[in-house]
Amino acid sequence: MELLNVALPKGRLGEKVLAIFEQAGFPCPSIHETSRKLIFENEAAQVRYFWVKPSDVAIYVERGAADIGVAGKDILLEYQPDIYELLDLGIGKCKMAVAAKKDFRDDPGRTLRVATKFSNIVQSYYLSKGRDIDIIHLNGSIELAPILGLSDVIVDIVETGATLRENNLTVLEDVVPISARLIANKASYKFKNTVIDNIVRCTAALLEEPK
Ligand code: PRP
């Protein structure tokens, strides 16, 4: 029997995702043995899990190296991969927001300098508002940009708000709510439909149970 290839986002979110899949009836005992291995199989449950960088999950799934995976809505909006989004897992909840220094006063007549990891989301957000912007694409520690005068504002993920608070920044606008999504490769969804539908159904049922 062919195994279902499942790309899990490495890190805290991935641990939660794995716990959900295991409770939903797709356990994998070997994945809990501490090691540096990246791939784990359980023939009995017909699954093969592998850990990938969270921002790479959609690439594995889009290209069929993984049949299904879990990716943040932020990544899906930014890269628009050609995949099916099957289920909102309701975890990894946060929001994308515009933030700035507390004393920032916007001048709508001027081009706004925006630092972000999410250039495409930012582009369409400000296009819809008809605002002229200059995007400064960064790869991390976005909060530094307005502090050092590299940008006027940032568009970034806000979870607890602690990073903004501790750097004297404040949210100006919410852009979009974010959570983790179960995604599937389009061909896999067709050819492994029974097994994918089964994992989706079991996961959805588990999420609906009162906690
Ligand atoms: C994310 C995000 C913020 C922080 C928000 O950063 O870019 O910096 O988490 O979380 P908080 O509201 O709970 O403080 P991440 O840890 O992914 O690192 P990076 O963006 O700097 O790479």
Side-chain angles (χ1 to χ4, degrees), residues 1-94 96 117-118 139-141 157 159-160 162-163 177-211:
M1 188 66 193
E2 216 187 335
L3 301 182
L4 187 73
N5 290 309
V6 184
L8 295 171
K10 214 170 171 172
R12 209 156 36 97
L13 176 66
E15 298 293 340
K16 281 191 195 168
V17 172
L18 176 64
I20 290 174
F21 285 160
E22 291 202 297
Q23 279 181 57
F26 307 89
C28 187
S30 62
I31 204 167
H32 299 286
E33 296 157 13
T34 43
S35 82
R36 306 204 73 136
K37 262 181 73 168
L38 296 170
I39 303 191
F40 304 88
E41 293 179 359
N42 181 7
E43 298 251 353
Q46 292 176 28
V47 286
R48 176 185 294 120
Y49 290 116
F50 41 92
W51 297 114
V52 311
K53 204 174 146 83
S55 51
D56 288 342
V57 168
I59 299 173
Y60 281 78
V61 173
E62 183 176 33
R63 291 179 174 267
D67 297 307
I68 64 168
V70 173
K73 186 67 179 174
D74 50 338
I75 300 295
L76 303 180
L77 290 169
E78 177 65 17
Y79 298 104
Q80 308 269 334
D82 190 19
I83 47 89
Y84 291 132
E85 191 182 310
L86 300 178
L87 195 62
D88 183 344
L89 296 179
I91 56 172
K93 279 192 181 179
C94 52
M96 192 166 296
K117 270 196 277 202
F118 303 98
N139 297 299
S141 301
I157 298 295
E159 194 180 346
T160 61
T163 310
I178 304 293
S179 59
R181 308 298 164 98
L182 177 57
I183 60 174
N185 171 269
K186 286 189 165 176
S188 302
Y189 191 66
K190 195 165 161 193
F191 296 111
K192 297 187 178 180
N193 191 266
T194 313
V195 52
I196 293 178
D197 263 354
N198 186 34
I199 201 165
V200 171
R201 231 175 324 104
C202 295
T203 306
L206 181 75
L207 296 175
E208 277 161 25
E209 273 176 21
K211 297 215 175 90

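Keep in mind the model is a prediction, meaning the values are calculated, not measured.
The distance from atom CG of L86 to atom CD1 of I196, rounded to the nearest 0.5 Å, is 7.0 Å. One finds the CD1 atom of I31 at 8.0 Å from the CD atom of E15 (value rounded to the nearest 0.5 Å). The distance from atom OG of S188 to atom CD1 of I183, rounded to the nearest 0.5 Å, is 11.0 Å. Of the inter-residue distances, the one linking K117 atom NZ with N139 atom CG reads 8.0 Å to the nearest 0.5 angstrom.
Under the 3.5 Å distance criterion, the side-chain polar atoms of D56 are left unmatched by any main-chain donor or acceptor of I59. At distances below 3.5 Å, not a single donor-acceptor pair connects side-chain atoms of D88 with backbone N or O atoms of R181. The closest donor-acceptor contact from the side chain of Q80 to the backbone of L77 lies under 3.5 Å. Here the side chain of E22 pairs a donor or acceptor atom with the backbone of C28 at under 3.5 angstrom.
Taking K186 as the reference, D82 meet the salt bridge (charged side-chain N to carboxylate O under 4.0 Å, His left out) condition, with sequence neighbours excluded.
For the pair L13 and V17, the minimum side-chain heavy-atom distance is below 4.5 Å. Under the 4.5 Å side-chain criterion, counting only non-hydrogen atoms from C-beta, L8 is not in contact with F50. At a threshold of 4.5 Å between non-hydrogen side-chain atoms, the residues L4 and K192 count as touching.
Here the closest non-hydrogen pair linking P81 and I75 is CD-O, 4.4 Å.
E85 and K73 are joined by a salt bridge, as a carboxylate oxygen and a charged side-chain nitrogen come within less than 4.0 angstrom of each other.
Around CZ of F21, the count of heavy atoms belonging to other residues, nucleotides or ligands within 6.0 Å exceeds 12.
For the residue pair R201 and T203, no side-chain donor N or O sits within less than 3.5 Å of a side-chain acceptor on the partner.
Taking the six-membered ring where the residue is Trp, the centroids of Y189 and Y84 are separated by under 6.0 Å.
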